[in-house]
Every structure is written in structure tokens, then in C-alpha cells.
Amino acid sequence: MIRAAELIERKRDGRELGAEELRELVLEYTADRVPEYQMAAFLMAVYFKGLSSAETFALTDAMVASGDTIDLGGAIGRRCVDKHSTGGVGDKTSIAVGPIVAACGVPFGKMSGRGLGHTGGTLDKLEAIPGYRIELTTEEFVEQVREVGLAIIGQSANLVPADKRLYALRDVTATVDNISLIAASIMSKKLAGGADAIVLDVKVGDGAFMKTLEDARALAQTMLELGEHAGRQVVCLLTDMDQPLGAAVGNSLEIAEARDTVRGEGPPDFTELVLDACARLLSRSDLGIDEDEGRRRAEAAVGDGSALAVYERWIRAQGGDPDPTALPEAPVVKEVHAPRAGSVVRLGAIAVGMAALHLGAGRRTKEDAIDHSVGVLCHVKRGASVAAGDVLAEVHAGDEASGEEAVAAVLAAYELGDEPPREHPILLDVVS
Ligand code: URA
């Protein structure tokens, strides 16, 4: 039997732990044989002293071993691809990437999580679609990826149970913000989920975990190493989260925007990120093509309507109604007007995310119910110029009072200045 106190002491003193020791600690904790207070102390020791690469590999392997794993590629007999984002405001990328990649003939199976706080989860967004079932059995999941080419479901209860426990504990012990712990948490779920090639979208900026490019690069490098260690192909896109992604923030609004993007009518920054992620996934699939050809095929699938057809087939296969008019609509819509002429020098991602959260689009606690109809549409983004009185954004609210509050909050998120208009690229760097 391990002595947890001894491991905590060694980590506290900055010494390295062995793979077996970490494995036992994680598995014993998951089996309720190491108490929360010792795991909390261990996490804090890791927070201050860090983990070596070998320790991070061992922690991730132990987390994967705590539950079930799926060999999606093996079950389907193809290379399967997946994408994951570290989380941001207005991030509905997977909902547009999945159908495009599947329309190009590459199977895409994804297990997603829910949102807490100012970033929404993919599952919450998909549940805005009337009838959409997020819970499929593993057999149904594999069958749908085989038949339709695409499935996005909730994580099964026994997929990396150690992460569920550890993440909840990190959340209440101020130990979320550690690169090894974040990398192990994300990659354990991706490795257990069974994809052969993974595009990781590491968000950088105001609305993201990683506030600087330097930290984002370090997280990307750690996740890349974890993927390679497990024999998977990983590419990390470092993308801007200083402002919301695309225009829509809020569940129904984001589904509508993802659908628009799948048929070639999405906002420019979101469209660019989606097509870039598709190109990288296609080039790492079993199609045997490079990224340029991947990009051409992704654009063709959008242009000829095949991506939209897959979107509709996918949503129906999971019990949902793909018609955008079926999405819940908020009863109150209000405009946010520019108080002066100028250019947008800042559009705070967190501020817009919090405005959407207060409207009811997200959860403050796990128990909160979500209003799928509400949210914000940021029609004008950073770098654009406006005239006084132009519509900057639209608030979709459940009632007048919450709508008024959100209008004030969204207006405060915009800073207008006198700089010349300029483009802000969505893709900041690539680590591969
Ligand atoms: N997302 C995760 O899944 N885990 C983390 O630790 C941080 C973001």
C-alpha cells in the first residue's frame, strides 16, 4: 500500500515521484481509498513544485487507466480524428468541423463536456437542438460514427473517472491553473476516447485559461508530448480568445452560427478557424493528402452542400431536428449601439461571456438550468470601424430587465478608439 503522506511530502520538497507511485495514488484515490484532503494537499504540492515530463506521462496514463477506453479506429477499421478546445467564449468549432470532415469521408467521433462559468460546453449547445440525444451507448456511438461518419456525445460516466474527481477537487482548491494538470486532464480524455489524430485548439487571451502566448505554447508542447508518447498524432493551434469567437455567444445562437458556417455563411474569423482545423485533421487522416489539399476539400464540402447534408444527417441520427427554425428563440431582442464613431480597439471576451451567463446561457453552479434561447450576437469585432449609432451587437434575452442589463454589460465590453481599422488574425501560432 502507498503512503499518501509520504508522496505528498516528497512532492512538497520538489522531488520526483515514480510512475508506479503516481499510478497507485490516482487509482487508490479514484477507489476512495485515499481521502480528498490528502489529494488536495498533493495537488497543491504539484501546483507549486510542478511535475517532470515523466511524471506528467505517468499521471496521464494512470488517469486513462482509471476507467474505460474506446478503440474507435479499431472498431471502425479507419483512422479516426477528433478535435478539442481548451475552452473559450463563443466556441462552437467542433459543431462545424465535424460535419465538414465527415463530408470529406473521414470519421469523426467526439466526446464532449459541459460548460461551467463564462465558457459554454459543446453538449449544452447541442442540447439547444430539440430532441438531440447526448447519451448514446458506446455501441451506438461507434455504430453512428461508422454509418453517418459523425457522432458527438457526452462523456460516458466511466471515461476517465479520475479526471471527474480530480477536476472537481482542483476547481475548489485553486489548483486548476497548472500546465501539467491541465494537459493530463485534457489528454487523458482524448486518449481514452480513442482518436488517432487530434487537433487541439489552445485558446489564448482574456477569455481563456492561458492568458499569454508563452503559457499557451508550454501547454501545447506538453499535450503534444503526451499524444506522441501514446502513439497519437497531435497538432496544436494557438488561437485568439481576446474577443469572442465568431459573432454568437449563447447556445441556440451558436448552433445557428455553426450551421451557417457549414453552408459557407459564417463569420470570417470562425470560418477561418473551422477550415484550418479541418485541413489539419484531413491531412492527418487516412486520406493520404497534405494540408493544402485538405483545405481545398473542406472548402469544396462547404461549397457543394455536402457538409450541410452531413450536418442534417448527424443531427437526425441523434434524434434532433436540424431545421434552424426549430431552435428556441428568445422573446426579447435588443440592439447595442455605438456611442461614438471610431474603431473597436477591445471587445472583452470574458465580459461578453459573463453577459451571456447572466442572461441564463450558462451555469454558475453545476445545478443551474440553462436557457438555450438567450445570448449575444457581436456583429462588430475588434479592428472594425463604426459610425456613431451603428449596431455593435444584439442581446437576446428572456425578459426586458435582463435584456437591459446585458445591453449595458455588452456596451462596456466594447472599447472604441481612433486607431486605423485593422485585421486581427484568429490563428496565432501552430505547435506540431
Ligand atoms: N479542460 C479540461 O478538460 N481540463 C482542465 O484541466 C482544463 C480545461
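By convention here, the first residue in the shown sequence is residue 1. Just so you know, these numbers come straight off a predicted model, no measurement behind them. Note that ligands are numbered from 1 as they come in the structure, with each ligand's atoms numbered from 1 the same way.
- Taking a cutoff of 4.0 Å between a charged side-chain nitrogen and a carboxylate oxygen, Arg3 and Glu24 do not qualify as a salt bridge.
- With respect to Asp429 and Arg217, a salt bridge is recorded, a charged nitrogen being found less than 4.0 Å from a carboxylate O.
- Among protein residues, Tyr167, Arg170, Ile182, Ser185, Ile186, Lys189, Phe209 come within 4.0 Å of ligand 1, judged on heavy atoms.
- In this structure, Arg259 has no side chain to side chain donor-acceptor pair (under 3.5 Å) partners at least two apart in sequence or on a different chain.
- In this structure Ser94 satisfies the side chain to side chain donor-acceptor pair (under 3.5 Å) test together with Lys83, sequence neighbours excluded.
- Remark: Thr60 pairs with no residue by the side chain to side chain donor-acceptor pair (under 3.5 Å) rule, at least two apart or across chains.
- Within a 6.0 Å sphere centred on CD of Glu20, other residues, nucleotides and ligands contribute 12 heavy atoms or fewer.
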